[in-house]
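To start, the structure itself, in structure tokens.
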Amino acid sequence: MQTAADAGDAAALLAAVPAGRRVALVDPRFVGHVHALRLGLTDPRFAAATVPGALTAQSEARGALLRALRRTTAAVGAGAPVVAPDTDPAPEDRTVPGRIAVALEAEGTAVKRPELGSLTATVPTDAGARAAAESARDEVDDEAVRLRSAVKAHDGFFTTFAISPYSRYIARWCARRGLTPNQVTTASLITALVAAGAAATGTRGGYVAAGILLLVSFVLDCTDGQLARYSLQYSTMGAWLDATFDRAKEYAYYAGLAIGAVRGGDDVWVLALGAMVLQACRHVVDFSFNEANHDAVANTSPTAALSDKLDSVGWTVWARRMIVLPIGERWAMIAVLTALTTPRIVFYALLVGCSLAACYTTAGRLLRSLTRRASRTDRAAQALADLADSGTLAQGVAAVAPGLRGAFTAPAVALLGTLVMIGGALFLPYGSPLTVAAAVVYVVLSGLAVARPLKGALDWLVPPFFRAAEYVTILVLAARSDAPHAVPAAFGLVSAVAYHHYDTVYRIRGGTGAPPHWLVRTIGGHEGRTTLVAVLAAVLTHASGFTTALTALAVAVALVVLVESIRFWVSSSAPAVHDEGELA
């Protein structure tokens, strides 16, 4: 820390700091909470940030900061405004850091202004103002605010009342011992994998241990995000781990339960895969709807207005959060039922609960979409096209087919293709060439569905229909096959493909766009993989051929997707964000 005699001296001191390092300007008269400065000066997600009386800039904003400082110094010395008064608002913070923040924004550099809530951050100009600021600072417990802000503002009932009251203190304990969120995330994954291993024993003691360990894993899962918010340790690697490990833990646990059930003489692999498929389809409904409406212009939906009104009534907020069976409630249910009942009952409860939740959330989104007057942007249409995951076959059809007009044409065509594909897999004789014909029809219809930009009111349904077509087809064909272990092999394939789809979602959320086109082409796109599985089911009718083919396909998809995903998330282009997660 160095003290500058004036703004010119500050510019010289900043210029002397080695390139690549973060710098900060703080007015020496600053009065406020330490955590207010921490929020303004240490968050790694923003190139520049400010609170009243303080400003920070990371390496990418250093040049703009120096230019703004020199311009501001010259303007203040000449008695001129920092920026043109007819085009930019006057700065609320009249200190040098505040004026520089306005100058940075005028130049085009985004400056983050974190919400401080009850925290104090001010630069008093006289003794009376200083006394008042110090009194306001002393009345608020800085550490208590920091602990509260470590917990997500919107979370499920179980997480809010059964986990967060003590997990925040675990997060603080971790921070004081130098542990990182990534280490806690990894510990949560390892604990869940051990829980899956305990469930795989197929014994009552193993099931009890699995239930307890799953809850411990969830506590750690909450702690890692709270530690990130408490200590402001956000990273690209953390975003990737947090975004993917929840699914890995849950699906590994499903597999552990299925293995344990088989050891006890009850084959529930179909139920395990069904639960995974349902959960993945639920999530893509959430993701697609959110992306379609991320930047939609206007929102006049009476359904949304009613939802906002219900959110003003305390008990309805918690009831609505619980009815969607978010991860906290879902894992608590799984843990308790694992310890007390059987894997079959666990999966029955999951399928029923998630089905009801899916009906509730999808119905609400349909009503919102049909009753609002909004224009979807090109960005939203591109996000939906990326989520559709169309490969070479569908894109080839889309390139030569005329775009079908009509407000609801795209989802209707996608739904028709889904019904044809699933119906063929379900009702045609297993191994029939007609199933392959159904896959060809599905390819054509899926191409027609994406031939025009997805800007319709219900076009967000197109990616979920494609997910359902692919996942359910794999499930049905594996379940109808006489090949031993075909369903576990299908479980592995759907897991690999689902990882690719989740990876796509989090790349889009980070603002870096979907995975490269070569990746989608290499792994076939949804229609290519679905067609390939249908062909394999028709050709490989001998004992273990279908299982071997599904396993090989799963390994191939997993290798390609994981290598590219890891390369991206450890690269400099990955988004430096921490995902707050979805309630579901």
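Both backbone and side-chain heavy atoms feed into the values below; hydrogens, waters and symmetry mates do not.
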- request: Mark yes or no for whether Ser432, through its side chain, and Leu428, through its backbone, hold a donor-acceptor pair below 3.5 Å.
  value: no
task: Name all residues meeting the side chain to side chain contact (heavy atoms under 4.5 Å, CB included) criterion together with Ala357; count only those two or more places apart in sequence or in a different chain, and write none if there are none.
output: Arg282, Leu325
task: Give a yes-or-no answer on whether the side chains of Asp503 and Ser565 include a donor-acceptor pair shorter than 3.5 Å.
output: yes
query: Strictly by modelled atom types, are Thr473 and Thr530 linked by a side-chain donor-acceptor pair under 3.5 Å?
result: no
- request: Please answer whether the main-chain N or O of Gly156 pairs with a side-chain N or O of Thr160 as donor and acceptor at a distance below 3.5 Å.
  value: yes
- request: Provide the full list of ring pair (Phe, Tyr, Trp, His ring centres under 6.0 Å) pairs with a residue in residues 425-453, sequence neighbours left out, each pair given once.
  value: Tyr442-His526
- request: Any pair with a residue in residues 459-478 that passes salt bridge (charged side-chain N to carboxylate O under 4.0 Å, His left out), sequence neighbours left out, goes on the list, sorted by first then second residue, please.
  value: Glu470-Arg529
query: Any sub-3.5 Å donor-acceptor pair from Thr547's side-chain atoms to Pro484's backbone N or O?
result: yes
Side chain to side chain contact (heavy atoms under 4.5 Å, CB included) partner of Leu214, the single match among Thr191, Ile334, Val336, Thr338: Ile334
message: For the backbone of Ala534 and the side chain of Thr435, can you confirm whether one donor and one acceptor N or O come within less than 3.5 Å of each other?
response: no
- request: Please round to the nearest 0.5 Å and tell me the distance separating atom CG of Asp155 and atom SG of Cys222.
  value: 6.5 Å
message: Please enumerate all residues that pass side chain to side chain contact (heavy atoms under 4.5 Å, CB included) together with Val270, with sequence neighbours excluded.
response: Leu475, Ala479, Val487
Those residues that, when tested against Ala349, pass side chain to side chain contact (heavy atoms under 4.5 Å, CB included) (two or more places apart): Met333, Leu337
- prompt: Can you check whether Leu445 reaches Leu448 side chain to side chain, under 4.5 Å on heavy atoms?
  reply: yes
field: Salt bridge Lys249-Asp221, side-chain N to carboxylate O under 4.0 Å
entry: yes
query: Can you name the salt bridge (Lys or Arg N to Asp or Glu O under 4.0 Å) partners of Glu250, sequence neighbours left out?
result: Arg247, Arg330
message: Tell me whether the rings of Tyr251 and Tyr502 are parallel (<30°), tilted (30 to 60°) or perpendicular (>60°).
response: tilted
message: I want to check something: taking the side chain as every heavy atom from C-beta on, are Val462 and Leu384 in contact at a cut-off of under 4.5 Å?
response: no
message: Strictly distance-based, threshold 3.5 Å: is any side-chain N or O of Thr362 a donor or acceptor partner for the main-chain N or O of Cys359?
response: no
statement: So OG of Ser164 and CZ of Phe158: to nearest 0.5 Å the spacing works out to 10.0 Å
message: On a heavy-atom basis, which atom in Pro326 and which in Arg321 lie closest, and how many Å separate them?
response: CD-O, 3.0 Å
Residues that Tyr471 engages under ring-ring contact (aromatic ring centres under 6.0 Å, His included), provided they are two or more places apart: His501
message: Checking Phe218 now: which residues fulfil ring-ring contact (aromatic ring centres under 6.0 Å, His included) with it, not counting sequence neighbours?
response: Trp331
field: Results of side chain to side chain donor-acceptor pair (under 3.5 Å) for His500 - residues two or more places apart only
entry: Asp389
message: If the condition is side chain to side chain donor-acceptor pair (under 3.5 Å), which residues does Asp267 pass it with, not counting sequence neighbours?
response: none
- prompt: Any ion pair linking Arg507 and Asp386 (charged N to carboxylate O, less than 4.0 Å)?
  reply: no
- request: Measure from the ring center of Phe491 to the ring center of Tyr254 and say whether it is less than 6.0 Å.
  value: no
field: Those residues that, when tested against Phe161, pass ring-ring contact (aromatic ring centres under 6.0 Å, His included) (two or more places apart)
entry: Phe157, Trp318
- prompt: Quick one: does Ser188's side chain have a donor or acceptor within less than 3.5 Å of a partner on Val184's backbone?
  reply: no
task: Answer yes or no: is there a side-chain heavy-atom contact under 4.5 Å between Leu536 and Leu477?
output: no
task: Run the salt-bridge test on Glu527 and Arg521 with the 4.0 Å N-O cut-off and return the result as yes or no.
output: no
field: Residue pair Lys152 / Gln226, side-chain heavy-atom distance below 4.5 Å
entry: no
message: Give me the atom names and distance for the closest heavy-atom approach of Val284 to Pro463.
response: CG2-CB, 4.3 Å
message: Holding to side chain to side chain contact (heavy atoms under 4.5 Å, CB included), I want the full list of residues that pass it with Ala187, two or more places apart in sequence or in another chain.
response: Leu220
